[in-house]
Protein chains: 2
Amino acid sequence: MKAEQDIFHKFLAQKDLRDTPQRELILDVFLKREEHVSAEQLYDIIKKRDPSIGQATVYRNLKLLSEAGLAREVDFGDGVTRYEHNYNHPHHDHLVCRGCGKMVEVVDSVIEELQKRVAEQYGFVLTDHALYLYGNCAECRKGHRSG
Amino acid sequence: MKAEQDIFHKFLAQKDLRDTPQRELILDVFLKREEHVSAEQLYDIIKKRDPSIGQATVYRNLKLLSEAGLAREVDFGDGVTRYEHNYNHPHHDHLVCRGCGKMVEVVDSVIEELQKRVAEQYGFVLTDHALYLYGNCAECRKGHRSG
DNA sequence: TTGCTAATGATTATCATTATCAATAGTAAA
DNA sequence: TTTACTATTGATAATGATAATCATTAGCAA
């Protein structure tokens, strides 16, 4: 938990940005959440600790955390940007249940490798990708909770 | 081009929906565009043929075309929903150049198969997925048009 | 034709996010 | 420690894509 703060402080110094209590608070709350959060969700949590904070500040600083390499944006395609930890949290894809919304982080090195090759076939050099797998989890199928 | 119209008419009949000139026009223009289009783009094109058409009608009916299985939504993550042909246009993923925006449709049956297996490992039955590969195309790398 | 009701077009609402801007507050130098 | 500079904040308005509303229009079956 110390390392992330160091990274953030160095990032701020390097970019000539200022260290503010709001930024510390946002980083702190973000780090304590293990799951991905939207700006809205984080704002709701943060308000309890500092009711005077503005929601624009939360939006602004989540972007900043991404720039600092501490957060990573994820887009589940529902129009809301979520943020997840990027430090000590290696790349992965997302397996999402259509029934209950449960989300599992997955990786398959073979898929990753094949993606690179497919890109190369078309003369592209792959920089990144987004893979979302949608399906129905075991419980949902058992409980008829899904289609 | 006849087949799609048949499908649409049957879909309308089956759902007790009406056949209107606006719907015919939207379908016609959509079918003539080979590339994916947003509702906004399609509206701009359609206005030239029928300036009285409302943009809500375009939004509404693109959704309807999706329900009818003639169109398919694609989400490039820029906040705009685009529609592409779904009839006689099998599933594929998208390889997008970060430099010039060029888009190539790709498929790799091994990747597809592996995705299913990864899902199964977690007790999921895969229904669909979204895979977007981002990189830099040959021209962009040659012309220093990208990072 | 008539009658029922879906569809349309104009408009407003929504929702996440961004821009604006006056007031506030880090921070480096005096 | 004061000053001065300017980044940051919070409140609020703006944005942009899409959805909802609603009175009017128009398919279509009887």
Between A:His129 and A:Asp93, is a side chain to side chain donor-acceptor pair (under 3.5 Å) present by the stated rule, with each step listed? CA-CA 9 Å; A:His129 72 262; A:Asp93 298 308; 3.0 Å; yes
Residues from residues 73-81 of chain B lying under 4.0 Å of DNA chain D - heavy atoms: B:Gly79, B:Val80, B:Thr81
Less than 4.5 Å apart, side chain to side chain, heavy atoms only: is that true for B:Arg72 and B:His36? no
With a 4.0 Å cut-off on heavy atoms, is A:Ser52 in touch with a base, just the backbone sugar-phosphate, or nothing at all? sugar-phosphate
Kindly determine whether B:Arg82 and B:Glu35 satisfy salt bridge (Lys or Arg N to Asp or Glu O under 4.0 Å), including the steps that lead there. CA-CA 10 Å; B:Arg82 275 162 248 267; B:Glu35 308 217 329; over 6 Å; no
What's the spacing between B:Arg98 CZ and A:Thr127 OG1 if we round to 0.5 Å? 5.5 Å
The side chain of A:Ala56 is closest to which nucleotide in this list: D:dC28, D:dT12, C:dA6? D:dT12
From CD of B:Gln41 over to C1' of D:dT18, roughly how many Å is that when rounded to an integer? 15 Å
Among the nucleotides D:dG10, C:dT18, C:dA7, whichever has the atom closest to the side chain of A:Ile53 is D:dG10
Without decimals, in angstroms, what is the distance between B:Lys63 NZ and D:dT18 P? 9 Å
Would you say the side chains of A:Arg141 and A:Asn136 form a donor-acceptor pair under 3.5 Å? no
To the nearest Å, give me how far apart CG (A:Leu25) and C1' (D:dT8) are. 15 Å
Let me know the distance between CG of A:Asp50 and C1' of D:dT8, rounded to the nearest Å. 14 Å
Does a side-chain N-to-carboxylate-O contact under 4.0 Å join B:Arg117 and A:Asp108? no
Interatomic distance where CG belongs to A:Leu42 and P belongs to C:dA16 [whole Å]: 15 Å
Less than 3.5 Å apart, which donor and acceptor atoms pair up between the side chains of residues 8-19 of chain A and the rest of the protein, not counting sequence neighbours?
| unit_1 | atom_1 | unit_2 | atom_2 | d |
| --- | --- | --- | --- | --- |
| A:His9 | ND1 | A:Gln5 | O | 3.3 |
| A:His9 | NE2 | A:Glu24 | OE2 | 2.6 |

Separation of atom CG in B:Leu62 from atom P in C:dT8, rounded to whole Å: 12 Å
Is A:Asn61 close enough to D:dT9 that one of its side-chain N or O atoms is under 4.0 Å from OP1 or OP2 there? yes
Go through C:dT8, C:dC4, D:dT9 for me and flag the one nearest to the B:Arg18 side chain. C:dC4
Euclidean distance, atom CG of residue A:Leu17 to atom C1' of C:dA25 [Å, nearest integer]: 15 Å
Of B:Glu40 and B:Pro21, the one whose closest nucleotide on DNA chain D sits nearer the 5' end is B:Glu40
Give the rounded distance in Å between these two atoms: CZ of A:Arg60 and P of D:dG10. 8 Å
Nearest nucleotide by nearest heavy atom, which residue falls closer to the 5' end of DNA chain C, B:Tyr43 or B:Arg23? B:Arg23
Counting heavy atoms from C-beta on, name the nucleotide in C:dG26, C:dT17, C:dT8 closest to the side chain of B:Gln22. C:dT8
Comparing nearest nucleotides in DNA chain D, the 5'-proximal residue of the pair B:Thr20, B:Ala39 is B:Ala39
Select one nucleotide: of D:dA17, C:dT17, C:dG9, the one nearest the side-chain heavy atoms of A:Tyr59. C:dT17
B:His85 side chain to B:Glu4 side chain, donor-acceptor N/O pair below 3.5 angstrom: no
